Amino acid sequence: MNIQFEAPDKVNGLMTITLETADYQPEVEKTLKDYRKRASIPGFRPGQAPMGMIKRQYGAAIKVDVVNKLLGEKLTAYIHDNKIQMLGEPLASEQQEPLDFEGDGPLTFKFDIAVAPEFEAKLSGKDKVDYYTITVDDKLIDQQVEMYQSRGGRYEKVEQYDAEQRDMLKGDLRELDADGNVKEGGIEVADAVLMPQYMKVDDQKKLFDACKLGDVITWNPRKAYPESDVEVSSLLKIEKDQVAEHTGDFTYQVTEISRFVKAEVNQELFDQVFGAGNVKDEKEFRQKISDQIAQQFKSDSDYKFLLDVRKHMEKKVGKLEFPEAILKRVMLQNNKDKGADFVEKNFEGSIKELEWHLIKEQLVAGNGIKIEDGDVKAVAKEAARAQFAQYGMSNVPEEYLDNYADEMLKKRENVDGIVDRAVDVKLTAALKEVVKLNEKTISLEDFQKLLQEK
């Protein structure tokens, strides 16, 4: 066996592997003998078919399998032993000559190898990177308090409708004929729910102003929602294609008026949000909320920091040379259904991501970042905690977070993303101790503008 590797420009590699007959033939013969023992061929007892017949029928296919397995092993071992940093998988070279698997001679294989560019990515205290601390002001705390009030609110029955309060009506719908009488065999819907403030046409909306329990309003659903067959069909309990048959007036007799009332800022709300007895008064409540927001903002600040590290490193490392022709072939092979136009359109962005991936790999290795099961579990728990927080559940017991995180990690499609996040968390923490932080305080609004900048 002979293996040669050439990379004259250091990024475009050509690997040539020549397998002599002696490298593969013993395994081919052994496999043929094993196959002969198991083969069931008409006219012969099991294991008694002539070897010549077995070779004629199955020799070439078995040879291909043996050679491919041997080739894969030797290729992988050579790349590992010689520390070749390969991008993607080896590709059959465009210089490959036809192979004769029917004969007994040597077989020569050529592979194009995309080799990662050589560079050094290091950070030290001489490197200065911005770190933004987002200010938690009273306005943000007020918004969060109001959100908790809304989530803890309830509907109360009232006597008169008020559009400003976003009241909800319940009543009985009856279809009218052309003379304004209840239509015989027409649509009737009991306990139909309406929120007139969401009607699209003002003159229909105003018909409900200041209505009271028992009032009967004559109105037109089709005119109220002129462009939404879905809303009309849902209200009238009919199919969408039947809406055109019911464009006349209806009466609506109000049987119930409900008004949403936000929860009061009191002990009941404190207990609901942070658990019984954990908050004693409004001052503690607002401080807890401030701490909660600050913790959320820390994750945002860390995210922006890593983006700025990337920008800093890309500038420091400079433009890297990549084997573009080979990588385009790799990208095309991985996106056969999308074609060459997709590759051309997305190649530059793909190279930018590859460049950062290689830089980050060096930073991870250089800072001794290792990801343990506990790191992955911690990130999954934080993701679970954030998900519960979206629904106003900020005092979820640890056992529930543990169980939720375990369920997330059972799904293969979640694991890679969570592991990547765990790497980012540990790398960010390490780099904040390495570089000189240019610390800045910033409002949430200005911080969001920064994130929107390209």
Side-chain angles (χ1 to χ4, degrees), residues 123 127-152 265 269-270 272-275 278-279 281-313 356 360 363 367 369 375-396 398 400-401 404-405 408 417-454:
L123 285 168
D127 294 283
K128 193 174 183 180
V129 181
D130 292 339
Y131 189 85
Y132 294 91
T133 299
I134 306 167
T135 304
V136 181
D137 56 24
D138 286 339
K139 181 182 176 183
L140 288 170
I141 297 172
D142 289 342
Q143 289 172 347
Q144 193 71 9
V145 169
E146 187 174 1
M147 184 271 290
Y148 283 132
Q149 285 183 276
S150 295
R151 285 180 173 167
V265 180
L269 182 63
F270 306 155
Q272 185 183 88
V273 174
F274 291 111
N278 290 322
V279 172
D281 54 34
E282 186 173 354
K283 183 179 179 181
E284 282 189 23
F285 184 56
R286 292 178 67 86
Q287 185 58 53
K288 276 270 194 183
I289 289 174
S290 177
D291 294 343
Q292 191 180 62
I293 295 172
Q295 185 59 37
Q296 292 168 356
F297 283 171
K298 180 181 178 297
S299 296
D300 295 333
S301 296
D302 286 351
Y303 170 73
K304 179 67 170 72
F305 169 74
L306 199 56
L307 289 180
D308 288 338
V309 166
R310 172 175 177 169
K311 184 177 178 181
H312 178 82
M313 287 304 305
W356 170 236
K360 191 164 83 167
L363 292 176
N367 288 277
I369 305 296
D375 300 318
V376 177
K377 178 68 175 287
V379 168
K381 280 184 70 173
E382 283 307 306
R385 198 188 308 278
Q387 201 160 339
F388 282 117
Q390 289 179 348
Y391 300 101
M393 302 168 67
S394 56
N395 58 334
V396 180
E398 288 297 309
Y400 287 113
L401 293 175
Y404 198 89
M408 289 174 67
I418 293 173
V419 170
D420 286 343
R421 176 63 185 148
V423 171
D424 286 350
V425 168
K426 293 193 80 169
L427 180 62
T428 299
L431 295 182
K432 282 163 66 176
E433 298 295 322
V434 171
V435 303
K436 180 176 177 56
L437 296 178
N438 182 29
E439 300 194 49
K440 299 180 179 182
T441 300
I442 191 171
S443 70
L444 176 61
E445 183 179 358
D446 288 340
F447 182 79
Q448 289 172 334
K449 287 178 183 176
L450 279 180
L451 288 181
Q452 290 168 1
E453 293 176 359
K454 290 186 179 179

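Quick caveat, the model's predicted, so the values are computed rather than measured. In this chain, numbering begins with 1 at the start of the sequence shown.
Residues meeting the salt bridge (charged side-chain N to carboxylate O under 4.0 Å, His left out) test with K440, sequence neighbours left out: D130. Scanning for salt bridge (charged side-chain N to carboxylate O under 4.0 Å, His left out) contacts around K426 gives D375, with sequence neighbours left out. Under the rule for a ring-ring contact (aromatic ring centres under 6.0 Å, His included), the partners of F285 that lie at least two apart in sequence or sit in another chain are F270, F274. In this structure D127 satisfies the salt bridge (charged side-chain N to carboxylate O under 4.0 Å, His left out) test together with K316, sequence neighbours excluded. With sequence neighbours excluded, the residues forming a side-chain hydrogen bond (donor to acceptor under 3.5 Å, both in side chains) with S443 are D446, listed by chain and number. Every side-chain hydrogen bond (donor to acceptor under 3.5 Å, both in side chains) that R310 has, sequence neighbours left out, goes to E314, E353. Applying the salt bridge (charged side-chain N to carboxylate O under 4.0 Å, His left out) criterion to E433, with sequence neighbours excluded, gives no partner residue. In this structure, the side chain to side chain contact (heavy atoms under 4.5 Å, CB included) partners of Q448, at least two apart in sequence or on a different chain, are L444. Remark: Q295 pairs with K298 by the side chain to side chain contact (heavy atoms under 4.5 Å, CB included) rule, at least two apart or across chains. Residues meeting the side chain to side chain contact (heavy atoms under 4.5 Å, CB included) test with E439, sequence neighbours left out: L437. For Q144, the side chain to side chain contact (heavy atoms under 4.5 Å, CB included) partners two or more places apart in sequence, or in a different chain, are M147, Y148, I289, Q292, I293.
Residue pairs satisfying the ring pair (Phe, Tyr, Trp, His ring centres under 6.0 Å) criterion with at least one member in residues 128-147, sequence neighbours excluded, are listed as follows: Y131-F305.
Although no hydrogens or angles enter the test, the distance criterion places a donor-acceptor pair under 3.5 Å between the side chain of D281 and the main chain of K283. Side-chain atoms of S290 do not come within 3.5 Å of backbone N or O of R286 as any donor-acceptor pair.
Inter-residue side-chain proximity for V273 and R151 is flagged as unmet; no heavy-atom pair is nearer than 4.5 Å. Using a 4.5 Å heavy-atom threshold, the side chains of D300 and K304 count as separate. In this structure, V379 and E382 have side chains that are not in contact, with every pair of non-hydrogen atoms separated by 4.5 Å or more. Inter-residue side-chain proximity for L123 and H312 is flagged as met; some heavy-atom pair is nearer than 4.5 Å.
Outside the 6.0 Å centre-distance limit, the rings of F297 and F447 are not counted as a close aromatic pair.
A pairwise comparison of heavy atoms in D137 and L140 identifies OD1-N, 2.9 Å as the closest pair. Looking at every heavy atom in both residues, G152 comes nearest to Q272 through CA-OE1, 3.3 Å. Nearest approach of A383 to M408, heavy atoms of both residues: CB-CE, 3.8 Å. The nearest pair of heavy atoms linking V279 to K288 is CG2-CG, 3.8 Å. Of all the heavy atoms in K360 and L427, the pair that sits closest is CG-CD2, 3.6 Å.
Here D308 contributes atom CG and S301 contributes atom OG; the two are 10.5 Å apart, rounded to the nearest 0.5 Å. To the nearest 0.5 Å, atom CG of residue L307 and atom CG of residue L451 are 7.0 Å apart. The line from CG of L306 to NZ of K432 is 11.0 Å long, rounded to the nearest 0.5 Å.
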Practice task
Quick one: do E282 and V145 satisfy side-chain contact (heavy atoms from CB on, under 4.5 Å)? Show the steps, please.
Solution key: CA-CA 10 Å; E282 186 173 354; V145 169; 5.9 Å; no

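The only option from R385, Q387, K381 that meets the side-chain hydrogen bond (donor to acceptor under 3.5 Å, both in side chains) definition with Y404 turns out to be Q387.
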